[in-house]
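Right, one structure below, let's go through it.
In what follows, every chain begins at residue 1, and chains take the letters A, B, ... in the order their sequences are listed.
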Protein chains: 2
Amino acid sequence: MARNTSTSKSSLSKAQVKAQLIDSQDRFIASWGRMGSVWGISRTMAEVHALLYITGTPMCTDEIMDRLGVSRGNVSMSVRSLLEWAVIEKVRLTGDRKEYYQAEQDVWSMLRAIARERIKREVDPLLNALDDIGELAPQLGTHAPEDIKALHKRLDEVRDGFELITTLAHKFTGPRGAGLQTAAKLLAKAPVGRSKKHSPQSKRKATHKSTRGGTP
Amino acid sequence: MARNTSTSKSSLSKAQVKAQLIDSQDRFIASWGRMGSVWGISRTMAEVHALLYITGTPMCTDEIMDRLGVSRGNVSMSVRSLLEWAVIEKVRLTGDRKEYYQAEQDVWSMLRAIARERIKREVDPLLNALDDIGELAPQLGTHAPEDIKALHKRLDEVRDGFELITTLAHKFTGPRGAGLQTAAKLLAKAPVGRSKKHSPQSKRKATHKSTRGGTP
DNA sequence: TTTGATTTTCAGATTATTTTGAAATCTCAT
DNA sequence: ATGAGATTTCAAAATAATCTGAAAATCAAA
């Protein structure tokens, strides 16, 4: 029988399977990298992580460079950050001078790390700023004009909102936590609002290409 | 006694109070703007929103331009996005040709909008990509080599994780939802983990000097 | 319909972020 | 201790995101 060249499931050569494996990995890496920029980390950092996660293999700097096509310096910096995030770790391979790096394999640890870092870098600074502003603004008690009262009211509301989110997030992301997983499952079942069906506002309307400022 | 110039609470002139009000508003606007870049929206867009929210006043394009010191075009684009996000609305003032804009005053609606937009722009595309990759990767059933099985396993885990998050988030951000508020309060009490204080996972040996480094 | 005020658009300028690459530093097997 | 191999650093280059400003389009009142 002629060699199947495209879609059949069962007659792929080893090399073909391997090629498709690599291809799928690359797609995953590309997606994760795209997310990276959106999450406020560099594309390369996200890609390095994706590579180590999806392959599950410990890799050294040169292997990473070659596979992703990025510079040595860039790999070095990305790896350092990932180590700080504690989503990858160093491993020593016997009889080799190089450092090898390997990703934490539990996906939740990865998700928690993302959440943890984001909270640290986004919410906490905002909360601090809000506290400062609140203290700094005129404190005139009941005699304050409406303007001032309204300012304090809004500042307080924002701060309360984000504090609630922080509390929640700390439960999710705490070092000892299977928190995110359990909490998420719990919540996913709990009847929170009165949402009957699922009608996110007109998901169908493909009218805006982007909600972003002005993507040209 | 000389006029009190700085910290006393009770003897500020009207002008001084006004100046401090403006100053506090500006600080809030600046903080919110900084967050904006971190949240993936332009600084100006975040600032416009902050201005309208914190003052509570309907403002027209020129007022916004003057207060924030940004161009007309920039205000126009930011306002458009904010309208799409549904966190501000147009108001007509009698006898005036201009459009005025006013922020939604419920803080939770604002937080929900942020969450909703982020999910839409970040998680959903990733999920789609993951589905595509999963379908595309070799489907070899039980006969598949370890490599392929591992790939599918990891893809599935990531997808499941993010799907759980999406489900959760939809409850939070649904259009009719006081969801976020109630759910957050609920969760904040639920005994999820045993997080007592914050003990950073000290995996560190005393051997290295400091591993600290700049944020990427 | 005309008019002039108001808003939108978008090419180009500006600003911010990311990446490179080669020199400097480190480190470990000998 | 030495030095080849490995990693880190960081100024400069490349890339990406944001903002401006003026021309074009829109709109509401007369």
Side-chain N or O of A:Thr44 closer than 4.0 Å to phosphate OP1/OP2 of C:dT19:
yes
Check your understanding: Does A:Ser42 place a side-chain N or O at less than 4.0 Å from the phosphate oxygens OP1/OP2 of C:dT18?
Key -> no
If I take atom [atom1] in residue [X] and atom [atom2] in nucleotide [N], what distance separates them, rounded to the nearest angstrom?
| X | N | atom1 | atom2 | answer |
| --- | --- | --- | --- | --- |
| A:Met45 | C:dT17 | CE | P | 16 Å |
| B:Leu82 | C:dT7 | CG | P | 15 Å |
| A:Asp62 | C:dG21 | CG | P | 15 Å |
| B:Asn74 | C:dT15 | CG | P | 13 Å |
| B:Met77 | D:dA17 | CE | P | 15 Å |
| B:Lys98 | C:dT8 | NZ | P | 14 Å |
| B:Trp39 | D:dT18 | CH2 | P | 15 Å |
| A:Arg43 | D:dA14 | CZ | C1' | 12 Å |

Salt bridge present between [X] and [Y] (N-O < 4.0 angstrom):
| X | Y | answer |
| --- | --- | --- |
| B:Glu157 | B:Lys153 | yes |
| A:Lys18 | B:Asp147 | no |
| B:Lys98 | B:Asp62 | no |

| request: Please say whether more than 12 non-hydrogen atoms of neighbouring residues, nucleotides or ligands are located less than 6.0 Å from NZ in B:Lys149. | output: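 Atom NZ in B:Lys149 is packed in, count exceeds 12.
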Exercise. Any chance you could lay out the side chain to side chain contact (heavy atoms under 4.5 Å, CB included) test for A:Tyr101 and A:Glu99, step after step, and finish with the verdict?
Key: CA-CA 7 Å; A:Tyr101 306 97; A:Glu99 305 272 15; 3.5 Å; yes
| task | State the CG-CG distance between B:Leu130 and B:Asp156, to the nearest 0.5 angstrom. | result |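 Answer rounded to 0.5 Å: 9.5 Å.
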Result for 5'-nearest mapping on DNA chain D, choosing between A:Ser37 and A:Tyr100, is A:Tyr100
On DNA chain D, more 5' by nearest nucleotide between B:Gly73 and A:Val79 is A:Val79
>> Taking any heavy-atom pair under 4.0 Å as a contact, classify B:Thr61: base, sugar-phosphate, or nothing.
In response: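 Sugar-phosphate: the residue B:Thr61, judged by heavy atoms under 4.0 Å, touches backbone atoms but no base.
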Determine the contact category for B:Arg72: base if any of its heavy atoms lies under 4.0 Å from a base atom, sugar-phosphate if only primed atoms, P, OP1 or OP2 are that close, otherwise nothing.
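Base: the residue B:Arg72, judged by heavy atoms under 4.0 Å, touches a nucleobase.
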Rounded to 10°, the angle between the first-five-pair and last-five-pair axes of the helix from C:dT1-D:dA30 to C:dT30-D:dA1 is 30°
Q.
Can you tell me which nucleotide in C:dC28, C:dT19, D:dT7 comes closest to the side chain of A:Glu99?
A.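 My answer, after comparing the listed nucleotides, is D:dT7.
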Testing C:dT7, D:dC10, C:dG21 for proximity to the side chain of A:Ser71, the answer is C:dG21
- How do A:Ser78 and B:Arg97 order along DNA chain C: which one's closest nucleotide is nearer the 5' end?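 Final value for this comparison: B:Arg97.
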Note to self: If you assign each of A:Val75 and B:Asp96 to its closest nucleotide in DNA chain C, which residue comes earlier from the 5' end?
What the structure shows: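 With A:Val75 and B:Asp96 compared, the 5'-side residue is B:Asp96.
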- request: Would you check, one step at a time, whether the test ring pair (Phe, Tyr, Trp, His ring centres under 6.0 Å) holds for A:Trp39 with A:Trp32?
  value: CA-CA 10 Å; A:Trp39 293 334; A:Trp32 203 250; 5.2 Å; yes
(Q) Please evaluate residues B:Thr61 and B:Arg72 with respect to the criterion side chain to side chain contact (heavy atoms under 4.5 Å, CB included), reporting the C-alpha separation (whole Å), side-chain torsions for both, the decisive distance (0.1 Å), and the verdict. (A) CA-CA 7 Å; B:Thr61 307; B:Arg72 186 175 300 283; 4.0 Å; yes
